[in-house]
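The structure under discussion appears below in the form of structure tokens.
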Amino acid sequence: NNNHQQNSNNYKNLFNGNNGYNINEHHDTYQGILITHVPKTIFNDLPLPPNCYTFGYSTAREIGCKIVADLSADAKSMNRWYIITTIGAKSGHLTLGIGTASAATICLIPEEFEHQKKSKFQKSSEEKKRKDIQMTVKSLLHDNYKDFMDQQDIPTELITSLLDKEYKDQDGDDNTNKNRDRDRDNDDQENDEEKAEKISFMNGHHSTANAAKKSNRYLNDSGVDFKEYVDILDATMIKRAAEGKFYGVAVVGEGLVDLLKQRELDRYFNGRKDKGHEMLGLTLKDELEKRWSTRKSSINMRTKFVGFELRSADPNAHDMILSRELGFSAVLVCQMKQVNATIVTMKGGELVSIPLSEIVDPDTNEGTTKKVDTSSLSYKVSQTYMIRLHRSDLSNKKNTRKYADMAGMDVNTFIKTYSYIAASN
């Protein structure tokens, strides 16, 4: 209206964006421009306070829920499984929201597996902390601290036990260490050469040098094996089939691809995450069909990608109201001129303004991502109403025999194959 337009002229600029916000905008002034960030993303993964939502998320979840619910009805009537991939590589809020609301049979999100993947920065940070701790422990063993240790009645053996083996070895004979290092280097070189030769032999057209280079690419490779995703879904299908239900809906987040080991990414998706996002559902389907083709019963499967239609949909009533409130609040913050470069949100019907500097990772100078809290009651509720193979299932001999028979295995083989992915109750 005219009053709002008149008030809007009092500020110089207003930025509206999603999770790609500019972190350098948290200075007191930005070339004389007042900046307020309005949180807009369908993934709801901006670091807002609890129970605060980005506009777009409610609409995307609602439309995604309708699509999956319809496919669930079709899966039951056609006696088939749907493997549905949802958009969202950085977090699982949208995937879990759709899966829970639509009563999906099973839902896999990145946060469940994130502990297996560590970035180079995380590895280097942990290694630095570990080295600092080791040096501190070694300093306590120095003669300068001997009196202190005696006064505090601290056994030397207790402190020594805190040292890593490699630091203990450093106090040994230098010649022994040199010989050990030389032997280790020779062994590593031989192992690399053996690996290179194996890869070269398998590929045929690769040279030994290229194979060795490829082998080094996988050194310290951390992440998830693709087989783990397949095993989880397969176990759920086996459990359902043993109950006479050869249908269901699996909702998986495309961010699962980003957690794969580099070797797995190369093997299944030519090393490209974008291709993995596109082909995740189809690749899972292919691997599962290979298994079920050897069993006495078969399962019919289809795939579906739910993504871009969620971003382009007209907003629902919740997002219409929220966007008006956030827009009004953003203008209000600029007029107040108290703190520049903030992100605004609504909590309990009131404005909450957060300086962008508070949601920046100081190590990377990039915005942080709000992850699904897998220890929360909300997550526990979602998993309670979904179907997974549980540890209690494996302790029930009658059920285990049924599952093993459906999988075409003996009981011991079934337990050995699937126990590692069995969820706790």
Side-chain angles (χ1 to χ4, degrees), residues 63-88 92 94-110 112-113 224-257 268-269 276-307 309 382-390 393 399 402-409 414 417-418 421-423:
I63 295 176
C65 172
K66 180 68 167 61
I67 293 173
V68 175
D70 289 344
L71 291 177
S72 294
D74 186 75
K76 185 176 182 179
S77 64
M78 300 299 293
N79 207 36
R80 63 168 54 139
W81 269 86
Y82 277 100
I83 300 176
I84 304 172
T85 307
T86 57
I87 194 172
L94 182 59
T95 301
L96 187 63
I98 291 174
T100 303
S102 63
T105 312
I106 184 173
C107 183
L108 300 183
I109 60 174
E112 182 179 347
F113 309 91
V224 185
D225 291 316
F226 192 76
K227 178 179 177 294
E228 184 171 349
Y229 299 149
V230 180
D231 284 342
I232 293 174
L233 296 181
D234 191 28
T236 294
M237 290 180 173
I238 291 171
K239 186 174 180 178
R240 292 273 289 174
E243 298 170 355
K245 299 177 181 178
F246 292 82
Y247 61 89
V249 172
V251 181
V252 297
E254 66 177 5
L256 297 177
V257 172
Y268 290 99
F269 307 114
H277 296 161
E278 179 183 353
M279 302 294 294
L280 176 60
L282 184 60
T283 307
L284 287 170
K285 170 179 171 288
D286 290 343
E287 293 298 311
L288 288 165
E289 285 181 336
K290 290 178 185 177
R291 299 185 181 191
W292 284 90
S293 65
T294 64
R295 296 167 180 167
K296 61 182 181 181
S297 299
S298 61
I299 285 184
N300 186 18
M301 305 180 205
R302 294 290 187 273
T303 62
K304 169 74 174 177
F305 182 83
V306 178
E309 61 268 41
S382 71
Q383 298 305 296
T384 300
Y385 289 94
M386 294 179 186
I387 297 177
R388 296 279 283 265
L389 181 69
H390 291 90
D393 294 326
N399 287 341
K402 287 196 306 181
Y403 303 154
D405 182 62
M406 181 59 63
M409 304 175 180
F414 181 83
T417 303
Y418 296 102
I421 55 90

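Keep in mind that what you see is a predicted model, and the values were worked out from it rather than measured.
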Glu309 versus Ile67: any side-chain heavy-atom pair under 4.5 Å? yes
Heavy-atom nearest pair, Ala75 first then Tyr247, reads O-CB, 3.3 Å
Q: Taking atom NZ of Lys76 as the centre, report whether more than 12 heavy atoms of other residues, nucleotides or ligands fall under 6.0 Å from it.
A: no
In this structure, CD1 of Ile299 is separated from CZ of Arg291 (nearest 0.5 Å) by 12.0 Å
Does any non-hydrogen side-chain atom of Thr105 lie less than 4.5 Å from one of Trp81?
yes
The salt bridge (Lys or Arg N to Asp or Glu O under 4.0 Å) partners of Arg240 (sequence neighbours excluded) come to none
Residues Tyr229 and Leu256: closest non-hydrogen pair is OH-O, 2.8 Å
Sequence neighbours excluded, the answer for side chain to side chain contact (heavy atoms under 4.5 Å, CB included) partners of Ala407 is Ile238, Arg295, Met409, Phe414
Item to check | Side chain to side chain, Asp231 and Tyr418, heavy atoms closer than 4.5 Å | outcome: yes
Sorted by chain and number, sequence neighbours left out, salt bridge (Lys or Arg N to Asp or Glu O under 4.0 Å) with Glu112 holds for Arg388
Shortest non-hydrogen pair, Gly253 vs Leu280, comes out as O-CD2, 3.6 Å
Heavy-atom closest pair (Ile109 atom, Gly92 atom, distance to 0.1 Å) is CG2-O, 3.8 Å
Separation between CD1 (Ile387) and SG (Cys107), nearest 0.5 Å, reads 13.5 Å
### Message
Within a 6.0 Å radius of atom NZ on Lys402, are there more than 12 heavy atoms belonging to other residues, nucleotides or ligands?
### Response
yes
For Ala69 and Ser102 the tightest heavy-atom approach is N-CB, 3.9 Å
Got a donor-acceptor contact below 3.5 angstrom from the Asp393 side chain to the His390 backbone? yes
inquiry  = Taking the side chain as everything from C-beta on, heavy atoms only, tell me whether Phe305 gets closer than 4.5 Å to Glu278.
reply    = no
Side-chain contact test, heavy atoms from C-beta onward, threshold under 4.5 Å: evaluate it for Thr85 versus Leu284 and give yes or no. no
Looking at Gly88, is its backbone amide N or carbonyl O close enough to the side chain of Glu254 to form a donor-acceptor pair, meaning the two atoms are under 3.5 Å apart?
yes
Of all heavy-atom pairs linking Leu108 and Leu233, the shortest is CD1-CD2, 3.9 Å
Side-chain heavy atoms of Val251 within contact of Thr95, under 4.5 Å: yes
The salt bridge (Lys or Arg N to Asp or Glu O under 4.0 Å) partners of Lys285 (sequence neighbours excluded) come to Glu289
CD1 of Ile84 to OG1 of Thr303, rounded to nearest 0.5 Å, is 9.5 Å
Output for pair (Ile83 CD1, Leu288 CG), nearest 0.5 Å, gives 5.0 Å
Across all chains, not counting sequence neighbours, the side chain to side chain contact (heavy atoms under 4.5 Å, CB included) partners of Asp74 are Ser77, Met78, Arg80, Tyr82
Sorted by chain and residue number, the salt bridge (Lys or Arg N to Asp or Glu O under 4.0 Å) partners of Glu287 (sequence neighbours excluded) come out as Lys290
Any Val68 side-chain heavy atom under 4.5 Å of Thr86 side chain: no
